[in-house]
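Predicted model, so just to flag it, every value in this text is computed and none were measured. The sequence lines fix the lettering, A, B, ..., with proteins before strands; numbering per chain opens at 1.
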Amino acid sequence: MKNTEKKYQLNDFIRQKIRTDLKENKNNGKVHTRFPPEPNGYLHIGHALSIWLNFGLAEEFNGKCNLRFDDTNPEKEEVEYVDSIKEDIKWLGYNWEDRLYYASDYFEQLYSYAVELIKKGKAYVDSLTADEIKKYRGTPTEPGKESPHRNRTVEENLNLFEKMRAGEFKDGEHILRAKIDMSSPNMNLRDPAIYRIKKATHHRTGDKWCIYPMYDFAHGQSDALEGITHSICTLEFENHRPLYDWLLDNLSVPCHPQQIEFARLNLSYTVMSKRKLLTLVQNKTVSGWDDPRMPTLSGFRRRGYTSEAIKNFVEKAGFAKRENVSDISLLEHCLREDLNYKALRVMAVLNPVKIIIENYPENKTEELDAINNPEDETMGKRKISFSREIFIEKEDFMEEPPKKFFRLSPGNEVRLRYAYIIKCVSVEKDKNTGDVKVINCVYDPETKSGMPQSSRKVKGTIHWINANDCVDAEVRLYDRLFTIEHPDKDKEKDFTEFLNPDSLIVLNNCKVEPSLKDSNPLDKLQFERRGYFCIDSKDSNKDKLVFNRTIPLRDSWAKISKQ
RNA sequence: UGUCCCGUGGUGUAACUGGCAACACGUCGCACUCUGGAUGCGAAGAGUUCAGGUUCGACCCCUGACGGGACAACCA
């Protein structure tokens, strides 16, 4: 039975912080989080950590978690991304109920906050070019200098800002900046830009606005407007926290949420940045954001991963504030653990070679009992058919077997799973290529599974499929997308240089049980002795079955045979 | 020659906030098995970046080095 109960209480630094806040009755004992994606790409497994954290924390502490799209840059954002993000969160099993928000919902309010800042003399319209502003900003080690427009009067600023909104200027002609400190050692405090002119059509507000708030000006205020108590984000915003706090302190906002940063999740043998994933999509290295090799949630879903496996993984991987690269084998372990309990066992032969059982009657067909899942009796049994001609895997036969090879070889016996013990008597080969065409065997009628004599021991058991009624299928074998653990660590070489040329191998001559014609993409299957598979949600149909290999079974023979 | 953050087995996360460095993945054995799967049992692997200090006692507190990361978009 699967143990879903937690044996221990999670006590990471964020939970510790929340427990302390609760004890001190901060925020009136409330916990309210939010997951704030920018709709400029698909969600990946790193986001799963953030989602699990924000929604999970809310559940755990009887609070709420909002979904809020951080859509302040119309040039990069699209509804396609909004839709995919919603679908992925639902798939993970989280529910934002009626709390679906967009930063763009707050544009009017944010505009008044900007006006408030101007009126307090804490923001000004700058008319320097982007280039000039950059030069004035200084460097991390040298202070910046003040813009000549820094001391415009409140009236002048108000007037200019109104005209910015009214569309009277071109992109980049003016910009609204917070007036903080041009010599601050924190670059984010050197009069950061807070509103820019951008005559672009927004996916939700259309052409209503031609000025848009910057992230720093939108995020904290949106948090405050929603009554967020703990605003959890990744480490790269750590240096922004003083600005986050400064804005909240200087504006008449309803509350002051606390920003808490954690280190993002990375995975070995893959890349996680949206920019790099976009490159793979645009270069057609992969078939799309949901290519089964992508670390995106939609990719994992199409590949056959379960959301439980992913959530288990992010929990087990944990998080802290140090840079990290989680081992992909932990994810794979969580996946196999979940699939082992859920997957329907079936037989499928990926690289078929024919066996003719010489002493089995020509026109006979038997129905044999097969167990659907040895880990879960409630999944029951099914019938599989057996006859004189069957297929087995090519690799389950060797003419000259090495030591410890427990499968079929000339003169040797092997058990056919759920059927009989057979012995190889001869081999027919192609004269030109030397390939094995047909393996001739004899069977022992006394050894049918379940019969008294069947307990006779043989070294190995192999899977097979009845040649009479099996169904052809295409099977796609996926492997890691990159050949090295840290494909984006090398600063000299581009990450695409480390792409694994064998990350996808297509097998066209596979034979599967006929019942699989009725399988659907969400069904979890185990092809016995091969791995976990699922129907491809895009390319499979009744006339042509296409399966994705989710992950192979652990293979200790592969390790032995390498030695 | 700045500010901020971070240094614990191969990997990731812990260590009741000062008391025997633990758990998981991985690795390696053994047992069991009609999936070379699963399962069960066991082993190896860090003395906590370094140097001082405080203390009966330091992964934990202090100081200083060293190492890694983030910050100079009108991106988020």
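For Gln259(A) and C5(B), the shortest distance from a side-chain N or O to OP1 or OP2 is not below 4.0 Å.
With both ends at atom C1', the span from U48(B) to C61(B) equals 16 Å, rounded to whole Å. Straight-line distance between the C1' atoms of C56(B) and G18(B): roughly 12 Å, to the nearest whole Å. The gap from the C1' atom of C59(B) to that of G47(B) amounts to 9 Å, rounded to the nearest Å. Taking atom P in both G7(B) and C62(B), the straight-line distance is 13 Å, to the nearest Å. Atom name P, nucleotides C50(B) and U11(B): the rounded distance is 16 Å, in whole Å. For A46(B) and G9(B), the C1' atoms lie 4 Å apart once the distance is rounded to whole Å. A distance of about 14 Å separates the P atoms of C4(B) and A65(B), rounded to the whole Å. Atom name C1', nucleotides A22(B) and U8(B): the rounded distance is 11 Å, in whole Å.
When the P atom of U3(B) is taken as reference, atom CD1 of Ile180(A) falls 19 Å away, rounded to whole Å. Taking atom NZ of Lys559(A) as the reference point, atom P of C30(B) lies 13 Å away to the nearest angstrom. His333(A) has its NE2 atom 5 Å from the P atom of C25(B), to the nearest Å. Counting to the nearest Å, the P atom of U3(B) and the CE atom of Met182(A) are 18 Å from each other.
In this entry C74(B) has no Watson-Crick or G-U wobble partner, no candidate having both defining distances under 3.5 Å. Remark: A58(B) base-pairs with no nucleotide in the shown strands. Criterion, Watson-Crick or G-U wobble with two distances under 3.5 Å. Across all strands shown, G40(B) pairs with C30(B); the Watson-Crick or G-U wobble distances both stay below 3.5 Å. Look at G12(B): its Watson-Crick or wobble partner, with both distances under 3.5 angstrom, is C23(B). In a base pair of the Watson-Crick type (N1 to N3 plus N6-O4 or O6-N4) or a G-U wobble (N1-O2 and O6-N3), with each distance short of 3.5 Å, G67(B) is matched with C6(B). Base pairing annotation: U1(B) forms no Watson-Crick or G-U wobble pair, as no partner gives both donor-acceptor distances under 3.5 Å.
With ring centers used as reference points, Phe237(A) lies 6.0 Å or more from Tyr244(A). Checked against the 6.0 Å centroid threshold, Tyr215(A) and His219(A) count as a close aromatic pair. The six-membered or imidazole ring of Trp557(A) lies away from that of Phe406(A), with a centre-to-centre distance of 6.0 Å or more. Ring pair His203(A)/Tyr81(A): centre-to-centre distance not below 6.0 Å.
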Footprint string (nucleotides 35-45 of chain B, 5' to 3'): B base within contact, S backbone only, - free, heavy atoms under 4.0 Å: BBBS-------
Nucleotide-resolved protein contact map, nucleotides 64-76 of chain B, B/S/- at heavy-atom distance under 4.0 Å: -----SBSBSBSB
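G67(B) shows a glycosidic angle more than 90° from 0 and is accordingly assigned anti. In A46(B) the O4'-C1'-N dihedral to the base is more than 90° from 0, which defines an anti nucleotide. Applying the 90° cutoff around 0 to the glycosidic angle, U17(B) is assigned syn.
Place Asn324(A) and Gly450(A) on RNA chain B by their nearest nucleotides, and Asn324(A) ends up nearer the 5' end. Between Arg241(A) and Asn11(A), the residue whose closest nucleotide on RNA chain B is further toward the 5' end is Arg241(A).
Looking at heavy-atom distances under 4.0 Å, Tyr212(A) makes no contact with the nucleic acid at all. Within the 4.0 angstrom heavy-atom criterion, base atoms lie near Gln16(A). Within 4.0 Å of Val458(A), counting heavy atoms only, lies no atom of the nucleic acid at all. Contacts of Lys135(A) with the nucleic acid, taken as non-hydrogen atoms under 4.0 Å apart, are absent.
Salt bridge annotation for Lys524(A)-Asp338(A): absent, with no cationic side-chain nitrogen under 4.0 angstrom from a carboxylate oxygen. A salt bridge does not link Glu393(A) with Arg407(A): every distance from a Lys NZ or Arg NE/NH1/NH2 to an Asp or Glu carboxylate oxygen is 4.0 Å or more. Ionic pairing of Glu395(A) and Arg529(A) is not present here: no N-O contact between side-chain nitrogen and carboxylate oxygen is shorter than 4.0 angstrom.
When the options Asp369(A), Ile384(A), Thr461(A) are evaluated for a side-chain contact (heavy atoms from CB on, under 4.5 Å) with Tyr418(A), the one that passes is Ile384(A).
Under the 6.0 Å distance and 45° angle rule, Lys511(A) counts as a cation-pi partner of Phe391(A).
Glu366(A) places a side-chain heavy atom less than 4.5 Å from the side chain of Lys448(A).
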Go through it in stages, so that I can follow the logic: the residues are Phe547(A) and Phe533(A), the test is ring-ring contact (aromatic ring centres under 6.0 Å, His included), and I'd like the CA-CA distance, side-chain angles, deciding distance and then a yes or no. CA-CA 6 Å; Phe547(A) 292 93; Phe533(A) 293 78; 7.3 Å; no
